[in-house]
Q: 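There's a structure below that I have some questions on.
Throughout, a chain's letter reflects where its sequence line sits, starting with A, and its residues are numbered from 1.
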Number of protein chains: 2
Amino acid sequence: MNVCSDTKASMARKTGSHADITGPAIRAAALRLFARSGYAAVSMRQIAAEVGVRAGALYLYTPDKQTLLFDLMHDHMTALLAAWEAVEKGTTPEAHLQAFVTFHIDFHIDRPDAVFLAYMELRNLTPENFAVVEGLRRQYENQLQSILALGQKTGAFEIDDVRVTTMALIAMLAGIHVWYRDEGRLSRDRIQTIYRELVRRTVSL
Amino acid sequence: MNVCSDTKASMARKTGSHADITGPAIRAAALRLFARSGYAAVSMRQIAAEVGVRAGALYLYTPDKQTLLFDLMHDHMTALLAAWEAVEKGTTPEAHLQAFVTFHIDFHIDRPDAVFLAYMELRNLTPENFAVVEGLRRQYENQLQSILALGQKTGAFEIDDVRVTTMALIAMLAGIHVWYRDEGRLSRDRIQTIYRELVRRTVSL
DNA sequence: TTTGTATCTGAACAAACGTTCATTTCAATC
DNA sequence: GATTGAAATGAACGTTTGTTCAGATACAAA
């Protein structure tokens with residue numbers, strides 16, 4: 001991670017230096033290709049070709065292919081948690097839950113490739129890397145679970161099993177990426193309205 | 001498909017003939033390994049080793065690796081549609097929907113590997129094979145969509161967008177495989193009860 | 001015991017894989 | 001114009017890949 005972040009400490013980069021361009025370009029290409037064809041099916045040579053560089057050059061920016069995958073997933077999950085942290089959540093459990101749905105759809109619709117990667121390539125991580133990403137994913141689930149648990153305690157929600165309902169709602173929301181298209185029949189606002197209502201119903205009698 | 005199905009037409013198989021054993025064994029091993037590690041990450045030699053045979057022997061039972069994957073997915077989807085066809089569905093839209101939920105959970109809990117494969121390896125199919133499997137998947141979705149559409153028309157359900165609700169429910173149900181464990185906290189009956197209620201709520205005001 | 005056939009092996013194939021590294025390139029600095 | 005150092009090349013490495021096929025093996029029929 002952060003292969004070329006010493007822009008401040010070292011002498012300033014001059015025009016003509018490509019490191020600040022190539023690094024992100026590699027990550028962007030890897031994200032696209034991994035999401036499209038799967039980690040195991042994409043070769044380092046393909047990623048390099050997409051960037052307009054030879055395979056060997058990739059190793060100036062990542063120690064190996066596995067780390068490249070891990071960084072993409074890790075950064076996505078970290079950004080997801082940070083973005084949710086920054087959201088205005090309202091005061092009541094009802095508002096809190098609605099905010100979660102709205103936020104989730106916004107964040108995920110803007111990053112289809114990263115979303116795809118983050119939950120399709122878990123099994124291609126090494127055990128250590130898997131544990132890290134899985135921990136972040138669990139943290140995100142827990143955000144929703146806490147909302148449901150609080151709402152249940154205060155009587156705002158009527159929930160049988162909080163854990164199962166959490167997983168059911170996460171799955172329902174995550175499923176959007178399967179059919180969503182940018183130029184599709186439904187606008188983002190419309191989708192958010194529909195899902196806010198679907199979610200509201202699952203926690204109400 | 002059906003590499004060794006001429007049992008009736010040709011001379012009867014005698015004891016000592018292994019074709020009737022090796023064929024299914026290969027498919028079972030491929031299913032397990034593909035589900036666990038992903039199509040691209042599993043080699044023909046690994047599958048062969050699992051069966052207790054050398055890689056070359058696999059080609060007595062499948063023309064190539066791609067067909068092996070396709071057959072597994074195709075057979076799963078076909079079995080799914082056939083099993084749903086045979087279900088007693090009740091008379092009202094409400095009963096119909098409850099039957100769908102119950103059936104779906106039963107069928108999918110019993111076949112975790114095939115379920116995993118059928119919706120994680122779609123992108124590793126050739127375009128032609130993808131079209132076939134995708135068509136079957138669409139047929140299954142349409143079963144649920146028809147239930148919702150009928151219930152909406154008769155006034156039994158209160159649904160905003162039938163298509164979106166269909167996809168949301170499918171995703172919710174499919175998500176069970178992410179967390180379900182055979183010896184987990186919840187029995188199958190309990191899970192079915194919880195999900196029947198969750199689904200009922202999403203189609204009721 | 002010999003023949004015939006279904007089943008599987010073992011070696012080989014070209015191609016592709018992730019990764020390394022000595023060498024080249026070239027703009028920025030002195 | 002010479003020097004420097006980051007950036008990228010291109011060839012090479014040892015493996016592994018999917019697939020083929022002539023030959024070995026084992027068993028049923030004769």
Q: Roughly, in whole Å, what's the span from CG in B:L58 to P in C:dA6?
A: 20 Å
Q: Looking at B:Y61, I'd like to know whether one of its side-chain N or O atoms comes within less than 4.0 Å of OP1 or OP2 on C:dC8.
A: yes
Q: Decide, yes or no, whether a salt bridge links B:D110 with B:R188 under the criterion of side-chain N to carboxylate O below 4.0 Å.
A: yes
Q: Within 45 degrees of the ring normal and closer than 6.0 Å to the centroid, is that where the cationic atom of B:K65 sits relative to B:Y39?
A: yes
Q: With side-chain hydrogen bond (donor to acceptor under 3.5 Å, both in side chains) as the criterion, how do B:D64 and B:T67 come out once you've worked through the C-alpha distance, each side chain's angles and the decisive distance to 0.1 Å?
A: CA-CA 6 Å; B:D64 47 40; B:T67 305; 2.6 Å; yes
Q: Look at the side-chain N and O atoms of B:T22 and state whether any lies under 4.0 Å from the OP1 or OP2 oxygen of C:dC8.
A: yes
Q: Measuring from the side chain of A:R54 (C-beta onward, heavy atoms only), which nucleotide among D:dG10, D:dA8, C:dC8 has the closest atom?
A: D:dG10
Q: Measuring from A:T62:OG1 to A:L69:CG, what's the distance to the nearest 0.5 Å?
A: 10.0 Å
Q: Verify whether the ring centers belonging to B:F116 and B:H76 lie closer than 6.0 Å.
A: no
Q: Whole Å only: how far is the CG atom of A:L60 from the C1' atom of D:dT9?
A: 11 Å
Q: For nucleotides 15-20 of chain D, just jot down a letter per nucleotide in 5' to 3' order: B, S or -, based on protein non-hydrogen atoms under 4.0 Å.
A: --BBBB
Q: Does a salt bridge link A:E94 with A:R196, judged by any charged N lying under 4.0 Å from a carboxylate O?
A: no
Q: Expressed as a whole number of angstroms, how long is the span from A:L69:CG to C:dG18:C1'?
A: 15 Å
